[in-house]
Amino acid sequence: MKYFKNISSFHDLRTQYRKLALENHPDVGGDVKTMQEINNEYDQLFAIWKRRSNITSNETAHSTRREFYTQNGWEGKNYNKGLSLKEIACIIREFIKIHYSDFKFSVTTDYGSMSQALRITLMEGPRAAFKTYSELTEEERSEVRQTHTRQNNIESYYPAEIDKEIAEVFDRRYAEKYLTDYIKEAVGAVEDYANSFNQSDCDSMIDYFSVNFWFHGVKIGKLDKPYKIVARAKKEIPDVEYEDVEITKTRRLKAIEPQEIAAPEQFERGQLFQLKNSFNYGCCKGLVYQIDRICHNYIYAYKLGKSYKNVCKGNIRGNSFNTEIEKLSAWVERGAIVFVELVEVTKTEEYTSIVRRPKKQTAISTDIVEFADKGHTITQDGGVEFVDREYTVTPDVDTRDNSPLWVVKFGRMERSDFLTVREQIKEMGGYYSRFKRGFIFQFEPTEKLKDFNTAM
């Protein structure tokens with residue numbers, strides 16, 4: 001290949017193509033013939049690497065080219081067009097849970113007409129979020145002075161007087177811009193990680209905006225729930241290697257749904273009906289309307305919004321459904337329209353998410369070192385093996401929050417013996433895990449198990 005060199009992966013191919021397109025595309029002053037040659041090579045390599053990487057999506061080389069042709073565009077290192085915003089939000093929550101367990105963040109998603117937004121808010125943290133005026137650096141103080149004198153049209157400039165005046169209003173007017181170093185580090189890391197899933201191809205000069213999702217940074221507190229200082233112990237993160245794991249999660253949510261009821265004998269204001277067939281002027285099948293008024297044998301109804309909480313009026317097509325009472329009755333008899341009431345239901349939905357988890361621990365070493373005179377041995381990596389009682393203690397990691405734990409596994413035993421052992425382990429502070437297939441301790445249990453071993 002003339003232009004593509006040392007391709008190592010499908011992602012590397014796209015990265016090199018993007019760089020070549022930005023340098024050689026005619027829109028940025030490049031040569032047409034050169035760009036055609038680059039496209040031909042890209043077409044050939046795209047098919048090869050897509051097959052080699054076992055990618056099953058319907059995207060083609062042609063469909064991906066538009067992502068690289070503008071100098072205004074960028075893609076985060078974790079950007080994946082196959083991930084939904086809900087999945088991205090779940091991945092970010094997992095990142096926060098692992099690295100910033102002493103903080104409490106709110107991660108939510110918002111959806112509008114042909115757009116979606118990610119909202120992250122820091123709700124609780126172990127320290128104050130904003131600096132006081134006395135904690136500002138000299139450079140930050142100078143910046144605040146300039147802002148204050150400009151906004152208040154102050155002509156004379158006496159730093160001592162200005163500082164005294166600013167100190168009185170700093171917390172209300174300027175503090176939110178100056179985060180403490182501890183909070184700033186956490187907020188910055190979460191913002192960088194969230195942006196790594198985004199892509200942008202915006203050009204404000206021509207009012208062209210295209211992003212994966214809108215994200216305007218991490219906010220501190222909400223209007224109805226201000227930021228709180230809550231001391232939490234940060235969980236230690238073991239020095240382990242991580243991997244991306246695809247898991248299926250279940251989410252329970254409450255929703256309002258229309259439920260069919262018997263047609264009323266007399267139509268009245270406030271009653272709801274749903275279209276079972278599509279009608280003219282944007283009145284589509286499935287929409288729910290509320291009767292607004294009845295005048296001179298004529299019914300005027302307006303559409304309910306997507307969440308059935310607000311009434312949509314105005315001149316937008318489909319917002320109104322106006323007809324004679326006789327016609328409405330005829331459509332109800334034919335089943336084209338049914339009357340409904342709104343009922344709150346709890347729905348369960350499954351979705352696939354990719355999360356970062358520590359790799360599964362390998363088996364303990366078989367190299368044995370003599371331990372003491374209690375009839376047991378210890379392995380090179382810290383695992384303790386009790387030979388005479390046929391159970392092992394292995395250091396492990398909790399995959400939910402990466403906190404250290406120890407797994408105690410016994411040899412095969414009868415159920416009655418298992419129940420006895422389980423009760424004794426419970427008294428020591430452990431519990432049985434079907435996932436680990438052993439007894440879990442959140443502390444190093446060697447000393448406890450010595451007494452246990454002697455008692456058996």
Enquirer: For the atom pair OG1 (Thr180) and CD (Glu185), what is the distance rounded to the nearest 0.5 Å?
Expert: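 Here the interatomic distance stands at 11.0 Å.
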Enquirer: Run the side-chain contact (heavy atoms from CB on, under 4.5 Å) check on Leu275 and Ile337 step by step: do they pass?
Expert: CA-CA 5 Å; Leu275 308 185; Ile337 291 177; 3.9 Å; yes
Enquirer: More than 12 non-hydrogen atoms from neighbouring residues, nucleotides or ligands closer than 6.0 Å to CG on Asn315, yes or no?
Expert: no
Enquirer: So, are Arg145 and Glu138 salt-bridged, with charged N and O less than 4.0 Å apart?
Expert: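 Yes, charged N to carboxylate O under 4.0 Å.
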Enquirer: So, for Lys225 and Met123, which heavy atoms are closest and what is the spacing to 0.1 Å?
Expert: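 Lys225 and Met123 have their closest heavy atoms at O-CE, 3.5 Å.
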Enquirer: When you measure from the side chain of Arg93 to the backbone N and O of Val107, does any donor-acceptor pair fall under 3.5 Å?
Expert: yes
Enquirer: Given the side-chain rings of Phe197 and Tyr79, with only the six-membered ring counted for Trp, is the space between their centroids under 6.0 Å?
Expert: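 No.
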Enquirer: Do Arg127's NZ or CZ and the ring of Tyr182 fall within the cation-pi criteria of under 6.0 Å and 45°?
Expert: yes
Enquirer: Determine the interplanar angle of the Tyr100 and Phe95 rings, folded into 0 to 90°, and report it as parallel if under 30°, tilted if 30 to 60°, perpendicular if over 60°.
Expert: tilted
Enquirer: Between Ile48 and Arg51, is any pair of side-chain heavy atoms under 4.5 Å apart?
Expert: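 The answer is yes, as the side chains (C-beta and beyond) meet within the 4.5 Å cut-off.
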Enquirer: Looking only at heavy atoms, what is the nearest atom pair of Val408 and Pro445, with distance?
Expert: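 Here Val408 and Pro445 meet closest at CG2-CG, 4.4 Å.
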Enquirer: More than 12 foreign heavy atoms under 6.0 Å from CD of Glu423: is that the case here?
Expert: yes
Enquirer: Phe267 vs Phe339 aromatic rings, parallel, tilted or perpendicular, using cut-offs 30° and 60°?
Expert: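 Because their plane-to-plane angle is under 30°, the rings of Phe267 and Phe339 count as parallel.
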Enquirer: How far does NZ of Lys104 sit from NZ of Lys228, to the nearest 0.5 angstrom?
Expert: 8.0 Å
Enquirer: Give the minimum heavy-atom separation between Gly125 and Phe103, together with the two atoms involved.
Expert: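 Taking Gly125 first and Phe103 second, the nearest heavy atoms are CA-CD2, 3.8 Å.
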Enquirer: Does Lys131 count as lying over the ring of Tyr178, i.e. NZ or CZ under 6.0 Å from the six-ring centre, within 45 degrees of the axis?
Expert: no
Enquirer: Given the rule in the side-chain contact (heavy atoms from CB on, under 4.5 Å) test, do Thr34 and Ile38 qualify, once you have shown the distances and angles that lead to the verdict?
Expert: CA-CA 6 Å; Thr34 301; Ile38 292 172; 4.1 Å; yes
Enquirer: Taking the side chain from Thr109 and the backbone from Lys86, do they hold a donor-acceptor pair closer than 3.5 Å?
Expert: no
Enquirer: In the structure I gave you, are the side-chain heavy atoms of Glu191 and Phe215 within less than 4.5 Å of one another anywhere?
Expert: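 Side-chain contact under 4.5 Å: yes.
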Enquirer: Could you tell me whether the side chain of Glu444 reaches within less than 4.5 Å of the side chain of Trp406, counting heavy atoms only?
Expert: yes
Enquirer: Tell me whether Glu41 contacts the main-chain N or O of Lys2 through its side chain, where contact means a donor paired with an acceptor under 3.5 Å.
Expert: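 Judged by distance alone, yes, a pair lies under 3.5 Å.
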Enquirer: Measuring from atom CZ of Phe130 to atom CG of Asp171, what distance do you get when rounded to the nearest 0.5 angstrom?
Expert: 10.0 Å
Enquirer: Compare all side-chain heavy atoms of Gln199 with those of Ser210 and state whether any distance is below 4.5 angstrom.
Expert: yes
Enquirer: Would you confirm whether Asn319, through its side chain, and Lys313, through its main-chain N or O, come within 3.5 Å as a donor-acceptor pair?
Expert: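 Confirmed, Asn319 side chain pairs with Lys313 backbone.
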Enquirer: Show your working on side-chain contact (heavy atoms from CB on, under 4.5 Å) between Ile229 and Glu124 and close with a plain yes or no.
Expert: CA-CA 6 Å; Ile229 300 176; Glu124 296 176 4; over 6 Å; no
Enquirer: Hey, what do you get for CD (Glu427) to CD1 (Ile425), rounding to the nearest 0.5 Å?
Expert: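 That separation rounds to 10.0 Å.
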Enquirer: Taking the side chain as everything from C-beta on, heavy atoms only, tell me whether Leu342 gets closer than 4.5 Å to Leu304.
Expert: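 Sidechains of Leu304 and Leu342: in contact.
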Enquirer: Any chance you could measure Phe4, atom CZ, to Leu45, atom CG, to the nearest 0.5 Å?
Expert: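 CG of Leu45 is found 6.5 Å from CZ of Phe4.
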Enquirer: Please step through ring pair (Phe, Tyr, Trp, His ring centres under 6.0 Å) for the pair Phe441 and Tyr431, ending with a clear verdict.
Expert: CA-CA 7 Å; Phe441 285 87; Tyr431 62 92; 8.5 Å; no
Enquirer: Which pair of non-hydrogen atoms, one from Lys285 and one from Ser278, has the smallest distance, and what is that distance?
Expert: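 For Lys285 and Ser278, the tightest heavy-atom pair comes out as N-OG, 3.1 Å.
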Enquirer: So, Asn198 side chain and Val211 main chain: donor-acceptor pair closer than 3.5 Å or not?
Expert: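 Checking the backbone N and O of Val211 against the side chain of Asn198, no donor-acceptor pair under 3.5 Å is found.
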Enquirer: So, do Ile7 and Gln16 sit near enough that their side-chain heavy atoms are less than 4.5 Å apart?
Expert: yes
Enquirer: Taking ring pair (Phe, Tyr, Trp, His ring centres under 6.0 Å) as the criterion, tell me which of Tyr300, Phe279, Tyr281 meets it with Phe321.
Expert: Phe279
Enquirer: Where the side chain of Ser101 meets the backbone of Ile98, is there a donor-acceptor pair that is under 3.5 Å apart?
Expert: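 Judged by distance alone, no pair lies under 3.5 Å.
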Enquirer: Treating Gln274 as the side-chain partner and Gly286 as the backbone partner, does any N or O pair qualify as donor plus acceptor under 3.5 Å?
Expert: yes
Enquirer: Decide yes or no for Asp110 and Trp214: does some side-chain heavy atom of the first lie under 4.5 Å from some side-chain heavy atom of the second?
Expert: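 No, every pair of side-chain atoms sits at 4.5 Å or beyond.
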Enquirer: Tell me the closest heavy-atom pair linking Tyr432 and Arg437, and the distance in Å.
Expert: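 Result for this residue pair: OH-CA, 3.9 Å.
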Enquirer: For Tyr17 and Asn39, which I'm curious about, is there any donor-acceptor pair between the side chains at under 3.5 Å?
Expert: yes
Enquirer: If I take atom OH from residue Tyr193 and atom CD1 from residue Ile96, how far apart are they, to the nearest 0.5 angstrom?
Expert: 10.0 Å
Enquirer: Can you name the nearest heavy-atom pair linking Asn6 to Asp12, along with the distance?
Expert: O-OD2, 3.4 Å
Enquirer: Could you go step by step and tell me if His148 and Tyr174 meet the side-chain contact (heavy atoms from CB on, under 4.5 Å) rule?
Expert: CA-CA 9 Å; His148 186 73; Tyr174 306 113; 2.8 Å; yes
Enquirer: Using the six-membered ring wherever Trp is involved, compare the ring planes of Phe273 and Tyr289 and label them parallel, tilted or perpendicular (cut-offs 30° and 60°).
Expert: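 Parallel.
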Enquirer: Taking C-beta and beyond as the side chain, do Arg52 and Ser9 meet within less than 4.5 Å on heavy atoms?
Expert: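 Counting from C-beta outward, Arg52 and Ser9 never come under 4.5 Å.
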Enquirer: Using modelled atom types and a 3.5 Å cut-off, is there a donor and acceptor pairing between side-chain atoms of Gln116 and backbone atoms of Phe213?
Expert: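 Answer holds: no.
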